[in-house]
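Working notes, structure below.
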Amino acid sequence: MTINASGWRPTLGAAGETGPATFTGNKGLMLEEALIFEIGSAETTGVDIADAAPAASRLGALARTAPIGLPGLSEPETVRHYTRLSRQNYGIDLGFFPLGSCTMKHNPRLNEKMARLPGFADIHPLQPVDTVQGALGVINELAVWLIKLTGMYGVAMSPKAGAHGELCGILCIKAALEARGEGHRSVILVPESAHGTNPATAAFAGYQVEDIPATPEGRVDTAALKARLGPDVAGVMITNPNTCGLFERDLKEISDAVHAAGGYVYCDGANFNAIVGRVRPGDLGVDAMHINLHKTFSTPHGGGGPGSGPVVLSEALAPFGPLPFTARQADGHITLVEEETAGDDHPHTFGRMVAFHGQMGMFTRALSYIMSHGADGLRQVAEDAVLNANYVLRSLEDSLDAPFAASGPCMHEALFSDHGMADGFTTLDIAKGLIDEGFHPMTVYFPLVVHGAMLVEPTETESKAALDQFIGALRSVAARAMAGDPSLKSAPHFAPRARLDETLAARKPVLVWKEAPLAEAAE
């Protein structure tokens, strides 16, 4: 490929360098950024504050007696610092974000506009209910949509994220079992193809976790699961579509068997984007399922939040769901059912998951997304997501090993392995090479059922042109790994930082900044 009509293109050195080292360490507009502690002067501030009159302290011996050591920055220094850092970040607004099982898709700006309306963005959770009827109406309307889309009976809106929703569903199962005098059931079955948070959630809730193997085609071994059912099994946590990117075709059969044995079925709904508008989990016998609003219904991911993980519940589990929840009265007025108003109507609730009502901004964005798409649009979301994933799978199966390609079409994500690479080359080298190509790497080394796994989820919002560019880049990097290209072992070459010693970084992380001694600083 040429740069211009003359055919000229720059030549790169072995490590990707095109010029001499610079005094600043900057490479063009890829700026070298110091730590915030190394900018400005400690114990200063860019804001003038009048000296306060001394007041009696209530801290006693806890009062600070030495400088706190915080960096002192002016407003321009602060703005530039964080702006420069943001330029070293990669987000969905920069390009394709192929993380498997994470559904990183475009967040429509219409949703952002709705979430920023004063009646939604500026309210307080302790306001009187009569003053927030619009916000409660959004929560209630979204709840109705989630129930319809999943074919379930009720929904808990308050869980703050997927793993939080998993815990909510398992606590509902535990409460239901205790209510019928079967609290002795202590085992949760988790298939190998389930999300990694599933066994962690079950263990956190106090259950013993037992694995159920996968079949050679990447689905749950139904016979093995049935054979393990018994009076000590509380339920099964299953991911559908699973982390191999495949639909669990036997889920209804599995649900019937678990119910017959006295247990409940929890479905991880993180991959609901692949089946929304096409399959209702309630029809498959699911008792509880969390829905990641920040995945299926396109609300932002970021920094440990904001996420949102409402949990839809079957008729058997709905009475045990957490408080609070909204209730629309005959006159249209919406109330919040909380501890003090639950009365005798909701005696089985296991309690409360969060301090207030959930993630208002996420609710508003998700409802905007649902209403702007409509039923037919949501159906197309799933169809296009699956189409894009299969396009990636079939376009790369001749370059990368695709262990389950023979199992039929995949769902929302394509799974590859490191089989066939030159000696000493791994999935990590592929991931680092993709950074040089301008892409955030796909999910690597997960699911564990595939050695050197590479999991790609394109979502429905990527165009064919964007996918073709990614496919070409991945094909090129894979060819280098197959050929044993030594430069791939030192990738990335064009990132702000070279490849780290990840083992050392994990075992001996430097998490606290310390000012260098004067002698060292002088050097």
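These values consider heavy atoms only, across backbone and side chains, with no hydrogens, waters or symmetry-generated copies. Since the structure is predicted, the reported quantities are computational estimates derived from the model, not experimental observations.
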If I compare all heavy atoms of [X] with all of [Y], which pair ends up nearest, and what's the gap?
X      : Y      : answer
Ala205 : Leu167 : CB-CD1, 4.2 Å
Ile170 : Thr201 : CG1-CG2, 4.1 Å
Pro310 : Leu293 : CD-CG, 3.6 Å
Lys432 : Ala491 : CB-O, 3.4 Å

Thinking salt bridges, do [X] and [Y] make one under a 4.0 Å N-O criterion?
X      : Y      : value
Arg499 : Asp429 : yes
Asp501 : Lys508 : no
Lys295 : Glu457 : no
Arg352 : Glu338 : yes
Arg394 : Glu397 : yes

With a 6.0 Å cut-off (strictly less than), is the heavy-atom count around [atom1] of [X], excluding the residue itself, greater than 12?
X      : atom1 : result
His106 : NE2   : yes
Arg109 : CZ    : yes
Glu75  : CD    : no
Gln469 : CD    : no
Tyr82  : OH    : no

For [X] and [Y], indicate whether the former's side chain and the latter's backbone hold a donor-acceptor pair under 3.5 Å.
X      : Y      : result
Asp436 : His493 : yes
Gln133 : Ile334 : yes
Asn273 : Ala385 : no
Thr239 : His195 : yes

Can you check whether [X] reaches [Y] side chain to side chain, under 4.5 Å on heavy atoms?
X      : Y      : answer
His357 : Met157 : no
Met411 : Asn242 : no
Pro447 : Leu415 : yes
Pro98  : Phe470 : yes
Arg365 : Glu112 : yes
Arg80  : Thr78  : no
Thr299 : Phe363 : no

The side-chain contact (heavy atoms from CB on, under 4.5 Å) partner of Ile291 among Val276, Leu149, Thr150, Val311 is Thr150

For the residue pair Asp468 and Tyr391, confirm or rule out a side-chain donor-acceptor distance under 3.5 Å. yes

Partners meeting side-chain hydrogen bond (donor to acceptor under 3.5 Å, both in side chains) with Asp384 (sequence neighbours left out): Gln380

Can you tell me how the ring of Phe96 sits relative to the ring of Phe439, calling it parallel under 30°, perpendicular over 60° and tilted otherwise? perpendicular

Indicate the ring-plane relationship of Phe356 and His124, choosing parallel, tilted or perpendicular according to the 30° and 60° boundaries. perpendicular

Can I get a per-line list of side-chain donor-acceptor pairs under 3.5 Å for residues 371-378, giving both atom names and the distance, sequence neighbours left out?
| unit_1 | atom_1 | unit_2 | atom_2 | d |
| --- | --- | --- | --- | --- |
| Ser372 | OG | Ser368 | O | 2.9 |
| Ser372 | OG | Tyr369 | O | 3.0 |
| His373 | ND1 | Tyr369 | O | 2.9 |

